[in-house]
> 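First the structure, then my questions, so here it is.
Nothing fancy with the numbering, it's 1 onward along the sequence. Note that the coordinates shown come from a computational prediction; the quantities given were computed from them, not determined experimentally.
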Amino acid sequence: MPSPKTIADLKTKFLKPALTSHYEVTIPLGSLPEGVKSIVGTLDEGNLNLSCMSTSLPGSSLATFEVKNDYTGVTERLAHRRMYDDRIDFTFLVDAEKYFSIRIFEKWMRYIAGEDADREDGEVQNATGPNYHYRIRYPGTGGDNSTGYRCMRGLKITKFEKDMRNSLTYEFIGAYPISISSMPVSYEASSLLKCTGSISYLRYVLTEW
């Protein structure tokens, strides 16, 4: 039989939903590849993180396969791998002083593509020259990741509430940008310029308190 609920019970259980506007993004500028750090300079890491106006909590699923012969007339689906989303989007308000969120994604992607690397003959690459070419860098395998392009640790999204009594922190392992969305500009009424970068990652780790 259904169990009766009082109004007090309903208020306690259902009238305190989690809100989407309480979160914190951490992009560890000090953990970025060496070739990207050159544009960071003295910028406060917190300024970039605070400018992230929207993102999403990641998802995952279990890949399964069918087993038909263990039980007569029964088809089972058994898990064999955990599958993570292939990317996560971060949208930043672009600062008028340095356009830093645009520059950091552009520089990082240029570093991955090897566009800043010198030619084999020792000459500096000319990106506008007719013989311009590039070679994608090796992703790196961890440790200090001094030669790779992934951010192995430190990129996080923390979800919390106003009372700060509990939180969920998603840390992304092996993250790097794979795209920058186009940003319309117009002579019509001004609006805020926003930069959306899509970041791929190997997996995420969830911690909570």
> Backbone N or O of His22 within a donor-acceptor pair of the Lys159 side chain at under 3.5 Å?
yes

> Examine distances only and state if a side-chain atom of Glu171 and a backbone atom of Leu206 form a donor-acceptor pair shorter than 3.5 Å.
no

> Using a 4.5 Å cut-off on heavy atoms from C-beta on, say whether the side chain of Val25 contacts that of Lys156.
no

> Rounded at 0.5 Å granularity, tell me how far OH in Tyr149 sits from CE in Met109.
11.5 Å

> Return the minimal non-hydrogen interatomic distance between Arg150 and Tyr176, and the atom names on each side.
CG-CD2, 3.9 Å

> Between Asp163 and Arg165, is there a donor-acceptor pair closer than 3.5 Å when you use the side chain of the first and the backbone of the second?
yes

> If I take atom CG from residue Leu155 and atom OG from residue Ser31, how far apart are they, to the nearest 0.5 angstrom?
9.5 Å

> Can Thr196 and Thr91 be counted as having a side-chain donor-acceptor contact under 3.5 angstrom?
yes

> So, Tyr170 and Thr207: side-chain donor and acceptor under 3.5 Å apart, yes or no?
no

> Heavy atoms only: give me the nearest Pro58-Tyr201 pair and the separation to one decimal.
CB-OH, 3.6 Å

> For Tyr71, check ring-ring contact (aromatic ring centres under 6.0 Å, His included) against everything at least two apart and list the hits.
none

> Please determine whether the number of non-hydrogen atoms from other residues, nucleotides or ligands lying under 6.0 Å from atom CZ of Arg77 exceeds 12.
yes

> Tell me who clusters with Leu62, hydrophobic residues only, linked when side chains sit under 4.5 Å apart either directly or through other members.
none

> Report yes if some heavy atom in the side chain of Ser101 is under 4.5 Å from a heavy atom in the side chain of Leu48; otherwise report no.
yes

> For the side chain of Asp95 and the backbone of Phe100, is there at least one donor-acceptor N/O pair under 3.5 Å apart?
yes

> Can you establish whether the number of heavy atoms outside Glu66 located under 6.0 Å from its atom CD is more than 12?
yes

> Quick one: does Pro177's side chain get under 4.5 Å of Ser198's, heavy atoms only?
no

> Is it the case that more than 12 heavy atoms not belonging to Asn69 sit under 6.0 Å from its CG atom?
no

